[in-house]
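Below is one structure; the comments refer to it alone.
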Amino acid sequence: MNKLLPILTLCVILLCSCAGQKADLIVYNAKVYTVNDNFDITQAMAVKDGKIIGLGTDQEIRKQFSATEEVDAQGKALFPGFIDAHAHFYGYGESLQMADLSGTTSWEEACQKLAEFAKTHPEGWLIGRGWDQNDWKNKEFPEKSQLDKMFPNRSVLLTRIDGHAAIANQHALTAAGIKESYALTGGEIIKINGKLTGVLIDNAIDLVSSKIPPVNAAQVEKMLLDAQEKCFAAGLTTIDDCGVDSRLIEVIEKLQASNALKMRLYLMLADKESNYDYLFKRGAVKTERLNVRSFKVFADGALGSRGACLMQPYQDMPNKKGFLLSNPQHFETVARKIADHDFQMCTHAIGDSANRSILKIYNKVLGGKNDKRWRIEHAQVVAPEDFELFGKGNIVPSVQPTHATSDMYWAADRLGHERVKGAYANQQLLKQNGWLALGTDFPVEDINPINTFYAATERKDAKNYPEAGFQMENALTKEQALKGMTIWAAKANFEENEKGSLEKGKFADFIILDQDIMTVAAPSILKTQVIKTYINGEKVYEKK
């Protein structure tokens, strides 16, 4: 009997090893882009308790693991879930409840779409978003007379696509107490012949929007969940929401605790005293699904509405240079306050003057090489001599490639042919630190991250324009673009050890696409669709 014991023990061990380690999910027959340091490509992946426990060939994974659920990827490409490093998740949810004026080809068409929206939304303020005068035959800003005629007794506020300009009717202007003589810092109320046109630039918008009645808790939850549904369908598993109020944190925590909100969120709080007070007192918020450790500051406005702060006047409007939205001392004071509390500062800077001002303040406060990962959001127009300031201070460029392909039709008109060479310079920015983060800026641009990939690599829009690409010296390679949408975006959030690549121990956030964007011919990239999206190994979207 004693001689049999070792034999029986060996048999038990062999039987256990044949059964394999237990996993919750195995995905096999895939082309798995790990986006690890070696950029390895493999076939299969095993997941347990929301994290990756194994990667390898189909044979290796099947030999090592058994699973409750198995998914045959049918040879399709599998990528880490896309991370949008600059977007407006809550703002996108808001926009889904507004009149959608994007894609309109004239002011008349925008008014017509608003009239249709008003039929199904007969009460309260009329809110819309998405118009862009640069898409119209008449590229001048609209004026409010048509809105006054259509809605004499109802307040209307329609925000431009970039969020840095809006038009209000007289009813809304009156509610906000705006008169012809009104003056303010960091904004402009457009007048013609001394009369209000209804057009508001940057800080002027707040004068009217602050009069809009607040939404209730149920409406806020709906906005967040509606946004989540659209994001999952686009293959997004983490969103950097740029410039929110601290009051949103507890709503998000509640929805995530109930598992209704599964999206991973990196929140940047808006530059507002109450937000600083809240986070400095509470401290950084970090769970598996929520990360709050940064502040979003606005240096200037947008190029499309001529609110971007330039060193030299606009080529197409020589009496304007744009403006900073606060005085320079405010930015330095805020930077020192954020640094003292060891938080991250993320600053919207579009114009070359705004970029220079913020880069110099960052370098002054940070004092050279560091790992604080302070970010410049957009970094859209940079003077040639200022690029090195990113590298000197390890400052992260957070850029949105589709801005280049949206703006390229008129960017040279604004900037001139020399200055535009330093605009949308993604490759130049990448070289400063060896990495950069990519986003869409939705709802300013379309939510689809495939558009980001295409614009970054091909420098063309959906119309395949321009044929040779826009300023191709600043195109990214496909590998660089994919990293910018995954591991580098995670790094910009201090999250590269838990997501952004498919490696053992990281979250099982991944997507399966219907074609391989790394190998498919360029004209077909934009046709790519998401088949499935997973967060924590849980399927949260499947294409019908």
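For the single chain, residues carry numbers from 1 onward in sequence order.
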Regarding [X] and [Y], do their side chains bring together a donor and an acceptor under 3.5 Å, going by distance alone?
X      : Y      : result
Arg247 : Asn275 : no
Gln380 : His403 : no
His88  : Asp441 : yes
His164 : Ser305 : no
Glu332 : Tyr362 : no
Asp407 : Tyr424 : yes
Asp386 : Asn355 : no
Tyr409 : Asp461 : yes
Gln133 : Arg160 : yes
Gln97  : Asp226 : yes
Tyr276 : Asp271 : yes
Asn134 : Asp132 : yes

Using the test side-chain contact (heavy atoms from CB on, under 4.5 Å), find all partners of Asp148 that sit at least two apart in sequence or belong to another chain.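 Testing Asp148 for side-chain contact (heavy atoms from CB on, under 4.5 Å), a comparison that skips the adjacent residues, returns Lys144, Asn169, Gln170.
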
Is a salt bridge present between [X] and [Y], judged by a nitrogen-to-oxygen distance below 4.0 Å?
X      : Y      : result
Lys337 : Glu273 : yes
Arg154 : Glu123 : no
Lys195 : Glu143 : no
Lys113 : Glu116 : no

Qualifying residue, where the test is side chain to side chain donor-acceptor pair (under 3.5 Å) with Glu377 and the options are His348, Lys296, His86: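 Considering His348, Lys296, His86, a side chain to side chain donor-acceptor pair (under 3.5 Å) with Glu377 is found only for His86.
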
In a check of side chain to side chain donor-acceptor pair (under 3.5 Å) between Thr440 and each of Thr402, Thr452, Asp84, which one passes? Asp84

Within 45° of the axis and under 6.0 Å from the centre of the six-membered ring of Trp410, does NZ or CZ of Lys139 qualify?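 Relative to the ring axis of Trp410, which defines the angle, Lys139 lies outside at least one limit.
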
Heavy atoms only: give me the nearest [X]-[Y] pair and the separation to one decimal.
X      : Y      : value
Arg289 : Leu261 : CD-O, 4.2 Å
Leu438 : Ala481 : CD1-O, 3.5 Å
Ile447 : Cys231 : CD1-SG, 3.6 Å
Ala349 : Ile376 : CB-CG2, 4.0 Å
Trp136 : Thr105 : CD1-C, 3.1 Å
Ser246 : Ser274 : OG-O, 4.3 Å

Considering only heavy atoms from C-beta outward, does the side chain of Met268 approach that of Met345 to under 4.5 Å? no

